[in-house]
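Quick note on labels: first sequence line is chain A, next is B, and so on, each numbered from 1.
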Number of protein chains: 2
Amino acid sequence: MTDHSPKPPLGLALRQAHLRAAQVFAEELRPLGMENVLAGILMQLTLRGPQTQRQLTDSLSSDKSAMVRHIDSLERQGLVLREPHPTDRRAHAVILTDAGRARLAETQAAAARTEQRLTGCFTPEERDLLHDLLIRFTRG
Amino acid sequence: MTDHSPKPPLGLALRQAHLRAAQVFAEELRPLGMENVLAGILMQLTLRGPQTQRQLTDSLSSDKSAMVRHIDSLERQGLVLREPHPTDRRAHAVILTDAGRARLAETQAAAARTEQRLTGCFTPEERDLLHDLLIRFTRG
DNA sequence: TATTGTTATACTCTATAACTATA
DNA sequence: TATAGTTATAGAGTATAACAATA
């Protein structure tokens, strides 16, 4: 006999988990005067080195018009620079400044505290399992 | 020795998984002329029976001003009704109409197709495991 | 022709605050 | 005093389209 019991909607669980993660991260960033999206951009720049706005848009699942404003904001704060791209004159290479690297260190500490608060009730294995399931889920 | 390898940010994985789930659900709902949030409200009303707007706001992690507009929209479509609450004259009991129940059947079919598309690469055990981890994650 | 970055527009969501009628 | 629903507003995100420079 087939299972006809109503399964809880996975989408709602994902929405609520993501909301909670974003809330906790925002709390940890608030003392730094930092925002979630901008922190995400700084972390991507460190993980992957200088990126075009297009690459940032893709890796963060953001939007190219939004990215213009985000990079504007980071540039006004002196955390990144738009440099000419070495091979593509249409594109900008977004790079971290020294101030950006300093801010990033604090940001990474905030991210670490966030992960600890969020997965404090998990074993390391469970934490990795959740991550792997999410990756497979996203790839489809 | 401690593991100092840079762990991928769980928040980003959650964001992308949620975005994908919402996209697939929106695709399945589009032929019905239905939207994700409104579908979520109909499903909550079936799962839990008549609800106040406050209860819907809480269970869907939404916002009370947004909920006013959502219920307005569902009411204009004839899918729900605001009835007087039996014991609290401040509150509305939001109930499904017959048209709402009909629409809900299609919506649930769309939700089932969504889950299948999203977790098609998972065993049922993995699917339940992901859900349980997300619930524990959200509760903290 | 297609793409990168930019700008602009419209629409939605969020956050906030007031307001009413109740509790 | 506090809460449920409503309304209004400002800020941010999203979606769309256009445009210039370049590929």
Visitor: Determine whether B/Leu56 and B/Ser62 satisfy the following criterion, side chain to side chain contact (heavy atoms under 4.5 Å, CB included), listing intermediate values before the conclusion.
Guide: CA-CA 8 Å; B/Leu56 289 169; B/Ser62 181; over 6 Å; no

Visitor: Taking atom P of D/dG13 as reference, at what distance in whole Å does atom CG of A/Asp72 sit?
Guide: 13 Å

Visitor: With side chain to side chain donor-acceptor pair (under 3.5 Å) as the rule and sequence neighbours excluded, what pairs involving residues 96-106 of chain A come up?
Guide: A/Asp98-A/Arg101

Visitor: For D/dA4 and B/Gln55 - does any side-chain N or O of the residue sit under 4.0 Å from the phosphate oxygens OP1/OP2?
Guide: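 No, B/Gln55 has no side-chain N/O under 4.0 Å of OP1/OP2 on D/dA4.
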
Visitor: Over how many whole Å does the gap from B/Leu56 atom CG to D/dT6 atom P extend?
Guide: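 B/Leu56 atom CG is separated from D/dT6 atom P by 12 Å.
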
Visitor: Would you list the protein and nucleotides 11-22 of chain C atom pairs, both N or O, that sit under 3.5 Å from each other?
Guide:
residue : atom : partner : partner atom : Å
C/dT16  : O4   : B/Ser65 : OG           : 3.0

Visitor: How many Å lie between NE2 on B/His18 and P on D/dT14, as a whole number?
Guide: 12 Å

Visitor: Step by step, work out the salt bridge (charged side-chain N to carboxylate O under 4.0 Å, His left out) result for A/Asp63 and A/Arg69.
Guide: CA-CA 10 Å; A/Asp63 174 90; A/Arg69 295 189 291 266; 5.7 Å; no

Visitor: Identify the two heavy atoms, one from B/Ser73 and one from B/Leu38, that lie closest to each other, and give their separation to 0.1 Å.
Guide: OG-CD1, 3.5 Å

Visitor: Please check if the side chain of B/Arg136 supplies one atom and the backbone of A/Cys121 the other of a donor-acceptor pair under 3.5 Å.
Guide: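 Such a contact is found between B/Arg136 side chain and A/Cys121 backbone.
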
Visitor: Would the distance check show the side chain of A/Arg20 and the main-chain N or O of B/Thr138 forming a donor-acceptor pair, the cut-off being under 3.5 Å?
Guide: yes

Visitor: Nearest whole angstrom, please: distance from the P of C/dT4 to the CD1 of A/Ile71.
Guide: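 It is 15 Å, rounded to the nearest whole Å.
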
Visitor: What is the distance, to the nearest angstrom, from the CD atom on A/Gln51 to the C1' atom on C/dG5?
Guide: 16 Å

Visitor: Kindly say whether B/Leu10 contributes a backbone atom to a donor-acceptor pair with the side chain of A/Glu115 at under 3.5 angstrom?
Guide: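 Checking the backbone N and O of B/Leu10 against the side chain of A/Glu115, a donor-acceptor pair under 3.5 Å is found.
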
Visitor: Look at the side-chain N and O atoms of A/His92 and state whether any lies under 4.0 Å from the OP1 or OP2 oxygen of C/dT6.
Guide: yes

Visitor: Using whole Å, report how far CE of A/Met67 lies from P of C/dT3.
Guide: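 After rounding, the reported distance stands at 19 Å.
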
Visitor: May I have the distance from B/Arg54 (atom CZ) to D/dT6 (atom C1'), rounded to whole angstrom?
Guide: 15 Å

Visitor: Would you mind reading off the distance between A/His85 atom NE2 and C/dT3 atom P, rounded to a whole angstrom?
Guide: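 Computing the A/His85:NE2 to C/dT3:P distance gives 16 Å.
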
Visitor: A/Ala93 or B/Thr87: which one's nearest nucleotide on DNA chain C is closer to the 5' end?
Guide: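 Taking each residue's closest nucleotide, the earlier one in sequence belongs to A/Ala93.
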
